[in-house]
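On a predicted model such as this, the values are computed, not experimentally measured, just so you know. Remember, it's 1-based here, ligands and their atoms both numbered in the order they're listed. Position 1 is the first residue of the sequence, and the numbers go up from there. Only this structure's heavy atoms are used, side chains among them; waters, hydrogens and symmetry mates stay out.
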Amino acid sequence: MLGLGAAGVAAGPVLQRAVGSVISAVSRQDPTGLTGLLPDSGGFEYYSVTGAVDAPTDYRLTVDGLVDKPASYALADLQALPQHRIVHDVQCVTGWRVPGTPFEGVKLADLLDAAGVRSGATAVKFSCFDGTYRESLTLDQARRDDVLVALRMQDKPVTHDHGGPVRLYVAPMYFYKSAKWLSGITLTSTVERGYWEDFGYDTDAWVGKSNGRDDAPTS
Ligand SMILES: Nc1nc2c(c(=O)[nH]1)N[C@H]1C(S)=C(S)[C@@H](COP(=O)(O)O)O[C@H]1N2
Ligand SMILES: [Mo]
């Protein structure tokens, strides 16, 4: 496992296909069985690394770690903040793609500003109420305009299957960075690897410029 990242640099697309099939295999084994039950998925594939995820009765999004003002937002609090809309292609690292998908929500940068990021922080860790998935970004990546705490997707509230009520949306990166069922944002002193990154995927997951791919420049 640990050598996989370095091997990716050398093996390129061949390794990419290999790790891609790991994700497909996990998705096929999805114990919820939902993958086959979504007739109008619109090109999306349902992913969950855990079984059925319970919808929270009282949704909260916490912001903590290396901040001056830790916060806990209810959904209504997030809805009351300025909303931003991005229309961009969704690209899963395994190959499927949904062009021109609208996402709308609060800029992650705005939540970071409100929290008052302390000087020792260099990264942001995301946790999910499925209890297992986690992701991370560097602080610079997290402050980009095209990174949203998304409340809407395809011009309607993010559905439970797509990670609602609130998911992360990292437009310039492969979709595994866009953590579903977002529940926590924690400022940390180092980047902590995400769930799939423990299996060899790149932590810096730029579309076309990571995971053994070197396509046309993006962003
Ligand atoms: N909590 C959580 N977030 C997740 C995942 C997951 O399994 N659990 N899978 C990731 C991957 S690999 C992809 S491609 C997208 C899939 O999003 P979708 O189910 O809305 O199509 O969610 C990403 N975020
Ligand atoms: Mo994915």
If I apply the N/O under 3.5 Å rule, does Val49 come out as touching ligand 1?
yes

For Tyr174 and ligand 1, answer yes if some heavy atom of the residue is under 4.0 Å from a ligand atom, otherwise no.
no

For ligand 1, which atoms, with element, lie under 4.0 Å from some heavy atom of Asp130?
1 (N), 2 (C), 8 (N)

Any heavy-atom pair between the side chains of Val191 and Ser136 that's under 4.5 Å?
yes

Answer whether the closest heavy-atom distance between the side chains of Leu151 and Leu75 falls below 4.5 Å.
yes

Does ligand 1 have any atom sitting under 4.0 Å from a heavy atom of Gly163?
no

Could you see if Tyr46 belongs to whatever hydrophobic cluster contains Leu182? Use Ile, Leu, Val, Met, Phe, Trp, Tyr and a side-chain cutoff under 4.5 Å.
yes

I need the single residue from Tyr176, Tyr174, Trp206 that forms a side chain to side chain donor-acceptor pair (under 3.5 Å) with Asn211. Which is it?
Tyr176

Check ion pair Asp113-Arg143 (N to O, under 4.0 angstrom)
yes

Decide, yes or no, whether a salt bridge links Lys209 with Asp202 under the criterion of side-chain N to carboxylate O below 4.0 Å.
no

Arg167 near ligand 1 by a heavy-atom separation under 4.0 Å:
yes

Could you tell me whether Trp181 and ligand 1 have an N or O pair separated by under 3.5 Å?
no

For Cys92, counting its heavy atoms only, list the atoms of ligand 1 lying under 4.0 Å from any of them.
14 (S)

Which of parallel (below 30°), tilted (30 to 60°) and perpendicular (above 60°) describes His160 and Trp181?
tilted

Hey, which atoms in ligand 1 end up nearer than 4.0 Å to a heavy atom of Trp96?
14 (S), 21 (O)

Please say whether Tyr46 places an N or O atom under 3.5 Å from an N or O atom belonging to ligand 1.
no

Are any of the N/O atoms on Tyr176, whether in the backbone or the side chain, positioned under 3.5 angstrom from an N/O atom of ligand 1?
no

Ignoring angles and geometry beyond distance, decide whether Trp196 reaches within less than 3.5 Å of ligand 1 through its nitrogen or oxygen atoms.
no

Should Val207 and Arg97 count as side-chain neighbours, where that means a heavy-atom distance under 4.5 Å?
no

Element-labelled atoms of ligand 1 that are located less than 4.0 Å from some non-hydrogen atom of Phe44
21 (O)

